[in-house]
Amino acid sequence: MLTTAEAREAILAAMREFPPEATPVDDAHERILRQVVRAERDQPPFDRVMMDGITLAYADLSRGVREFPVQATQAAGDPVLALQSGKCIEIMTGASLPENADCIVPVERIAVKNGIAIIEDGYEAKSGQFIHRRASDHAAGAHLLAPGKRLSPMDIAIIASCGLTEVEVSRRPVVRVISTGNELVPPGAPIEPHQVRLSNGPAIQAMLRERGYTNCDHDHLLDNLDELREGIAAHLAEADVLILSGGVSMGKADFVPEVMAELGVDVVFHKVSQRPGKPMWFGIGPDQKAVFALPGNPVSALVCCRQYVIPALEAASAATPQPPEFAVLAGDVTFEPDLTCFQPVRLVSSAAGQVLAMPVKTNTSGDFTALSATDGYVELAREQSHFPAGTPVFLHRWRTG
Ligand code: AMP
Ligand code: MG
């Protein structure tokens with residue numbers, strides 16, 4: 001049986017990279033950048049005025065002049081004027097500094113009477129103050145964004161400021177989420193006492209969509225060899241990635257591994273030394289399509305999706321890997337040795353600035369309602385079976401950056 005690290009490596013080694021595509025900037029948020037973005041212009045592109053007020057020549061002020069005839073008004077977006085000696089120009093925030101001017105006096109520090117601006121007694125203006133100098137943020141051609149970045153709203157601002165209408169990002173994979181099980185009934189349909197509501201499919205779709213993998217339709221297949229064979233074959237023909245839940249344990253209705261073999265999906269591994277999620281199955285189909293078959297138990301399905309499927313999609317999207325995150329256990333955890341434990345936790349921050357992980361018990365790996373109160377889970381190494389409060393541990397948040 002593979003360790004969690006071996007399973008992760010085997011998946012990453014088998015994933016085929018999704019190709020880049022040009023996309024309009026308004027569809028680029030949350031997607032993975034595949035190009036370098038360079039500055040179109042200097043930033044600021046001109047000496048930018050940072051205050052409403054008047055602008056004048058500091059040399060005039062140093063000569064003791066305190067009253068300046070108002071030559072003109074220049075607002076943001078107005079063409080640049082040339083200041084005449086001994087005068088001032090009324091200036092607005094965002095305007096380009098007039099020629100010959102090098103000093104701003106804020107509007108609160110002046111009074112204007114009969115076209116003359118008078119500077120408040122005792123106010124000392126400084127040369128260059130309130131002027132955001134051209135190229136002081138960065139010069140034209142500067143390297144602003146690198147490939148591998150997941151695009152945030154701030155990155156969208158940078159891309160727009162570079163004058164781009166399109167950027168190269170990773171193509172969104174076509175993902176199919178497939179719930180297997182005769183007992184499952186989707187929300188909205190009548191249900192019998194012996195049946196179970198289908199909840200893994202919508203939860204896995206939500207986890208994917210949250211990270212920008214929005215092309216992820218869902219299907220429900222029964223535990224029946226013919227139906228599984230036909231259904232999975234159809235999805236395999238259309239999708240880049242399949243994510244199944246259920247049907248990979250040792251029961252008589254767990255047909256998924258058998259069907260995969262018939263469809264030419266080669267098993268990479270079946271079972272990982274972890275709890276929850278031990279029965280997890282992973283294989284590679286024709287055209288290197290990845291097939292994740294997660295255990296049906298809802299806690300196992302969600303942990304395995306977060307632990308294996310999400311990092312695999314990120315890697316195939318050429319995303320820059322995130323550094324590991326750590327937290328300090330806030331309660332003792334004991335479990336059976338020789339399986340890595342994924343322990344759901346709620347996070348709180350301590351007054352000392354530490355991230356504390358409070359273990360949240362789930363009743364069984366079917367008790368997914370307890371997960372609603374958690375922020376993620378911690379990974380407790382299989383070599384040890386007792387982890388006292390205070391131990392630093394790997395943290396995996398449900399939501400990642
Ligand atoms: P399995 O892995 O198919 O043996 O399923 C294990 C348990 O998880 C069973 O009790 C199933 O009813 C439950 N289960 C499987 N798939 C789902 C699903 N899509 N939504 C909710 N529960 C499920
Ligand atoms: Mg089942």
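Whatever order the structure lists them in is the order used to number ligands and atoms, beginning at 1.
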Between ligand 1 and the protein, which N/O pairs fall short of 3.5 Å?
unit_1, atom_1, unit_2, atom_2, d
ligand 1, 2 (O), Gly296, N, 2.9
ligand 1, 3 (O), Gly247, N, 3.0
ligand 1, 8 (O), Gly296, O, 3.2
ligand 1, 8 (O), Asn297, N, 3.2
ligand 1, 12 (O), Glu183, OE2, 2.6
ligand 1, 14 (N), Gly296, O, 3.3
ligand 1, 20 (N), Ser199, N, 2.9
ligand 1, 20 (N), Asn200, N, 3.1

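Side-chain contact annotation: Ser170 with Arg34, donor-acceptor N/O pair under 3.5 Å present.
Applying the ring pair (Phe, Tyr, Trp, His ring centres under 6.0 Å) test to every pair with at least one member in residues 137-170, sequence neighbours left out, gives no pairs at all. Applying the ring pair (Phe, Tyr, Trp, His ring centres under 6.0 Å) test to pairs two or more places apart or on separate chains, those with a residue in residues 349-386 are Phe342-Tyr377, Tyr377-His396, Tyr377-Trp398.
Taking a cutoff of 4.0 Å between a charged side-chain nitrogen and a carboxylate oxygen, Arg134 and Asp42 qualify as a salt bridge.
Between the side chain of Thr55 and the backbone N or O of Cys103 there is at least one donor-acceptor pair closer than 3.5 Å.
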Residues 194-201, side-chain donor-acceptor partners within the protein, below 3.5 Å, at least two apart:
unit_1, atom_1, unit_2, atom_2, d
Gln195, OE1, Glu192, N, 2.8
Arg197, NH1, Pro186, O, 2.9
Arg197, NH1, Ala189, O, 2.8
Arg197, NH2, Ala189, O, 3.2
Asn200, ND2, Ser245, OG, 3.4
Asn200, ND2, Gly296, O, 2.7

